[in-house]
Amino acid sequence: MEEKLVIRGNRKLAGEISISGAKNSAVGIIPAAILADGICTIKNLPDIDDVRHLKELLQHCGAKVHGADGEMTVNSGTIKSHKVDFELAKKMRASYYFLGAFLGKFKKAEVPFPGGCDIGIRPIDQHIKGFEALGAKIKVEHGIIKAKATELVGASIYLDVVSVGATINIMLAACKARGLTTIENAAKEPYIVDIANLLNAMGANVKGAGTDVIKIKGVEQLHGCEHSIIPDMMEAGTYMIAAAATHGDVLIRNVIPTHLESVSAKLREMGIEVLEYEDAVNIKANGRPKAVNVKTIPYPGFPTDLQQPMSVLLSIADGTGIITESIWEGRFKHVDELKRMGAKIKVEGRVAIIDGINRLSGSPVTATDLRAGAAMVIAGLAADGETTIGNLKHIDRGYEGLVDKLSSLGAEIRRIEE
Ligand code: EPU
C-alpha cells in the first residue's frame, strides 16, 4: 500500500495561509537542547516527520521529551548515551547535529553518516575540520563517525565552502569550549541566527551570526530556556511560487519578508506582483510570467531549496529561462518527472535550459526528494487534468499540513492509499 497525492489542476489559488516554523532551524535547535543543563522549551515547531524523528533520536539517547501542538520540552539531564541509533540517523540529514551537540556537552559523540535528500555528494569534511580544530579526534568506523576530546579549546576556523551544517555544528561544539572560537566564511542563513539566539538564551556568548564571521566565547555552563522558531522561508517561498504558477492571489502570513527578498525580486522580474507587509506577503499573478535566469547562491542569494519549485514556474513561463544550480550537483532529478508533464527542459551539468510552454499536462509522477516533491505539487496545481504524486515520505519530512493548506486556497488535492 502506498500513499499518493492526487491533484486536479488548473485552478487559481486564492485566499490566506499561515506559514509554520522553519524545518532547517528546528532540526538544529532540537539537538542544540542537549547542551543545556536544564529544560528547554521550543515553540513554533513544524509538525513534520523530521521533527518526529529527532524527538525519537533524543528519547532513544535517554532524554525526556514532551509536547504537542508545535511545542516541545527537552530535558537532556537524563541522557545516558552519546551514541545515535543507526536506523533513526539514516532517516534524515540533521542527525549530524548530534555530533556537535554531544561533543560540546560530553566531549564524545558517535553518530552514523546521515541520510536525507539525495541531491549531491553531501560531504561533511568541513564539520570534521572544525571539530578537529577544537581539539577533537575523529575516526570513522563501519559507517559511524566517532569524535572524542579530552578538552575542547577555542580555535580559528575558516570554512572552505559556505556550509549551513558545518557553521551550526561548529557553533554547537564551540559554545562550551575554553576560549574564543572564530568561524570565518560562515553561512549567513536566517537559521544560523535563530540557532545563535537559542544558544545565547541558554547563556552562550555567540556574536556575529548572520554575517560571515561568527565569534563564540566559551562558557562553563548552559541553562534551560524558552525559544520560538522563525517562520519557514522555504515553505513560504513554495507557496509564493505556487500562487504565481496558478495565476492566483494568495496572502501568506507569518513570514519575515526580508528573508524572502531574493524570491520576491525574482518573481517581480517575472512580472508577478509581490506586496510586502510587516509579517506577510501577498502574491498576485495574472497570466503567464516572463522567463528569467536564476542562479542558486548561499543566503542572501536565491536559495537552492527553491530552485526546483522555480523550475516549474519557468517551464510555463513566456520565453526561455536558464537555471544554474551552484550548490548541489544532483538537484535536477525532478526534471525527468516534469518532462512527463510536457515540460521542455535540457539539463547540461549544473545548468537547466527551460523553454516555457503554455500549459503542463497532468500525469503520474514521483517526488524524488523533498523540494522535488514540492515542485511536483506546484506542477500538478498548474497543469491540465490529474496529477498523481508518489513517494510522499520526502514531502512529509518537510511540509506541515500541505493538503489542508492548499485545500483552504481552493486547490483540489487529496491523499489516497493505493
Ligand atoms: N559541503 C562540503 N563540505 C561540508 C559541508 C558542505 O563540501 O563539510 C558542500 C556541500 O556539498 C554543498 C555546499 O557545501 O555543495 C552547501 O552544503 P551545506 O552544508 O550548506 O548543506 P547542508 O547543511 O547539508 C542545508 C539544508 C539544505 C540546504 C543546504 C544549502 C538542512 C538540514 N539542510 O544542508 O536543505 O539545501 O543547507 O542551503 O538544514 C532542504 O531543506 O530541502 C535542504 C536540502
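Both ligands and their constituent atoms are indexed starting at 1 by order of listing.
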Quiz item: Do any pairs count as a salt bridge (Lys or Arg N to Asp or Glu O under 4.0 Å) and have a residue in residues 93-108, sequence neighbours left out, and if so which ones?
Solution: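 Listed once each, the pairs are Asp37-Lys105.
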Quiz prompt | Non-neighbouring partners of Lys55 that pass salt bridge (Lys or Arg N to Asp or Glu O under 4.0 Å), sequence neighbours left out | solution =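 With sequence neighbours excluded, Lys55 shows a salt bridge (Lys or Arg N to Asp or Glu O under 4.0 Å) to no residue whatsoever.
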Charged N-O contact under 4.0 Å between [X] and [Y]:
X      : Y      : value
Arg331 : Glu329 : no
Arg11  : Glu412 : yes
Asp50  : Arg397 : yes

For ligand 1, which atoms sit closer than 4.0 Å to a heavy atom of [X]?
X      : answer
Arg93  : 24 (O)
His127 : 8 (O)
Val162 : 16 (C), 20 (O)
Gly165 : 19 (O), 23 (O)
Ile124 : 4 (C), 8 (O)
Leu370 : 42 (O)

Would you check if there is a donor-acceptor pair between the side chains of [Y] and [X] at a distance under 3.5 Å?
X      : Y      : value
Glu325 : Thr304 : yes
Lys295 : Asn293 : no
Ser20  : Lys405 : yes
Asn75  : His66  : no
Asn169 : His127 : yes

Can an N or O of [X] be found at a distance shorter than 3.5 Å from an N or O of ligand 1?
X      : result
Val161 : no
Tyr96  : yes
Val164 : yes
Ala166 : no

Considering heavy atoms of the protein only, find what lies nearest to [atom] and give residue, atom and distance to 0.1 Å.
atom                    : answer
atom 30 (C) of ligand 1 : Thr304 CG2, 3.9 Å
atom 42 (O) of ligand 1 : Arg371 NE, 2.9 Å
atom 19 (O) of ligand 1 : Ser163 OG, 2.6 Å
atom 3 (N) of ligand 1  : Asp125 OD1, 2.8 Å
atom 11 (O) of ligand 1 : Pro123 CD, 3.2 Å
atom 26 (C) of ligand 1 : Asn24 ND2, 3.6 Å
atom 17 (O) of ligand 1 : Trp328 CH2, 3.5 Å
atom 8 (O) of ligand 1  : Gln126 N, 2.7 Å

Self-check item: Asp305 contact mode with ligand 1 (heavy-atom cut-off under 4.0 Å)
Solution: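 The part of Asp305 near ligand 1 is the side chain, not the backbone.
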Self-check item: Within reach of ligand 1, part of Arg331 (heavy-atom separation under 4.0 Å)
Solution: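 Side chain only.
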Practice problem: Look at atom CZ of Arg52 and say whether more than 12 heavy atoms of other residues, nucleotides or ligands are closer to it than 6.0 Å. | Solution: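 More than 12 heavy atoms, drawn from other residues, nucleotides or ligands, come within 6.0 Å of this atom.
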Quiz item: Applying a strict 4.0 Å limit to heavy atoms, is Lys23 in contact with ligand 1?
Solution: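 Flag set, Lys23 near ligand 1.
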Self-check item: Lys/Arg cation over aromatic Trp328: Arg371, 6.0 Å, 45° cone
Solution: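 Here Arg371 fails the 6.0 Å and 45° test against Trp328.
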Exercise. Begin with the C-alpha distance, continue with both residues' side-chain angles, and end with the deciding distance and a verdict on salt bridge (Lys or Arg N to Asp or Glu O under 4.0 Å) for Lys90 and Glu87.
Key: CA-CA 5 Å; Lys90 258 190 355 201; Glu87 288 307 314; 3.3 Å; yes
